[in-house]
Structures are given as structure tokens and as C-alpha cells.
Amino acid sequence: MNGIDWIQGVVWIGLVLVLGVVEIFTLDFVFIMLAAGAAGGLIAALLGAPWWLSAIIAAVLALLLLALVRPRLVQALSRNADPHRTGVDGLIGLTGTVAVAFTATNPGQVRLANGETWSARIAVGSSDRTPPLGTPVVVESIEGSTAVVRLTEGATS
């Protein structure tokens, strides 16, 4: 093994290690596929392939793994994932009551079923009236830190 072959092997090993460490921090199965491609390049280099052929083998193997293995792996791992929406998405459709009166132009506050209090305004076209305290509402969307709500069907004037 001459000096260039040795350097090529060290470069491939270093690439496999760096990509593996990056995968540990990202956990998206992209860098592990790239690391496996680099491992293919390392094996080709150890079998005596020139550097350009090792690079082509690494690239083709990485692309194949990204196209064929990663989607199935991600699908298999997300099969039993929690289907519930979280964060702001989890607030959409949540019920609540008016805590501080508001109009279509002046924001107020609503107390949501999960116990949180949010700044709120009435959704456009939902109602032109001022809902009294305790009026039931449903969150239609979140705009910044404001819940856009509509009055529920059973709400009274």
C-alpha cells in the first residue's frame, strides 16, 4: 500500500466518522446514508480502486440508500408515532370561553379547555356582536400570539 492509498483510506474513515457524528445530532437518517456511502468508498479504496472510482461508488451507494432505504425506514419508524397534533397546531379546534370581552375590532381574551389563556379576536365573518363573558368559542387559527375564534352554535347573545 503506497502513501496515496493510505491517505485515501484515512480520508474515507474520517468521512464515515464525521457523517456518523452529524447523524447523531440530526437524527434524520440522511447523514447515516451518506456515511454508508462513504463506507462503500472506503471498501472500494481498500480493494485497490482509484480515488475517482471510490468517489463514484460512494456517491452512487449514498444516493441509492437515500432513495430506497431512507423513505422506508422513516415510514417504519413513524408508523406508531403519536397522531395527536402538538404545539400551536394542537390548539386549532380547541374549545374555550370568553374571559375578557372583545369585539370584532378590539381583542380580548379566551380561556381554552386546556387551561391556557390567550389573546383573542373573532374570526372575520363569524359574528359582529360582542360576546359576553363565558360565551363558548372554538379556536379557528392562531395568528402570532392571538387566537382567532368563532362563537359556537350554542352561544347566546
Is it the case that one hydrophobic cluster holds both [X] and [Y], taking links as side-chain heavy atoms less than 4.5 Å apart, direct or via other members?
X	Y	value
Leu68	Leu63	no
Leu19	Leu61	yes
Val18	Val16	no
Val98	Val148	no
Leu65	Leu15	yes

Between [X] and [Y], what is the shortest heavy-atom contact and its length?
X	Y	value
Arg111	Ala99	N-CB, 4.1 Å
Val139	Leu91	CB-O, 3.4 Å
Leu66	Pro71	O-CD, 3.3 Å
Gln8	Trp51	NE2-CA, 3.3 Å
Ser145	Ser119	O-CB, 3.8 Å

Practice task
Could you tell me which residues satisfy side chain to side chain contact (heavy atoms under 4.5 Å, CB included) with Val60, sequence neighbours excluded, listed by chain and number?
Solution key: Ile56, Leu64
For [X], all residues meeting side chain to side chain donor-acceptor pair (under 3.5 Å), sequence neighbours excluded:
X	result
Glu116	Trp118
Thr95	none
Glu143	Arg121

Tabulate below the donor-acceptor pairs under 3.5 Å that side-chain atoms of residues 40-47 make, not counting sequence neighbours, or state none.
none

Exercise for the section: For a side chain to side chain contact (heavy atoms under 4.5 Å, CB included) with Val137, tell me which candidate from Val149, Leu112, Ile122 qualifies. Expected result: Val149
Taking distance alone, no hydrogens or angles, what donor-acceptor pairs closer than 3.5 Å link side-chain atoms of residues 25-37 to residues at least two apart or in another chain?
residue: Thr26; atom: OG1; partner: Val22; partner atom: O; Å: 3.2
residue: Thr26; atom: OG1; partner: Asp28; partner atom: OD1; Å: 3.3
residue: Asp28; atom: OD1; partner: Val30; partner atom: N; Å: 3.2

Exercise for the section: Measure the CZ-CG distance between Arg72 and Leu77 for me, rounded to the nearest 0.5 Å. Expected result: 14.0 Å
Fill in the blank from the handout: Rounding to 0.5 Å, atoms CG (Leu17) and CH2 (Trp12) come to a distance of 13.5 Å
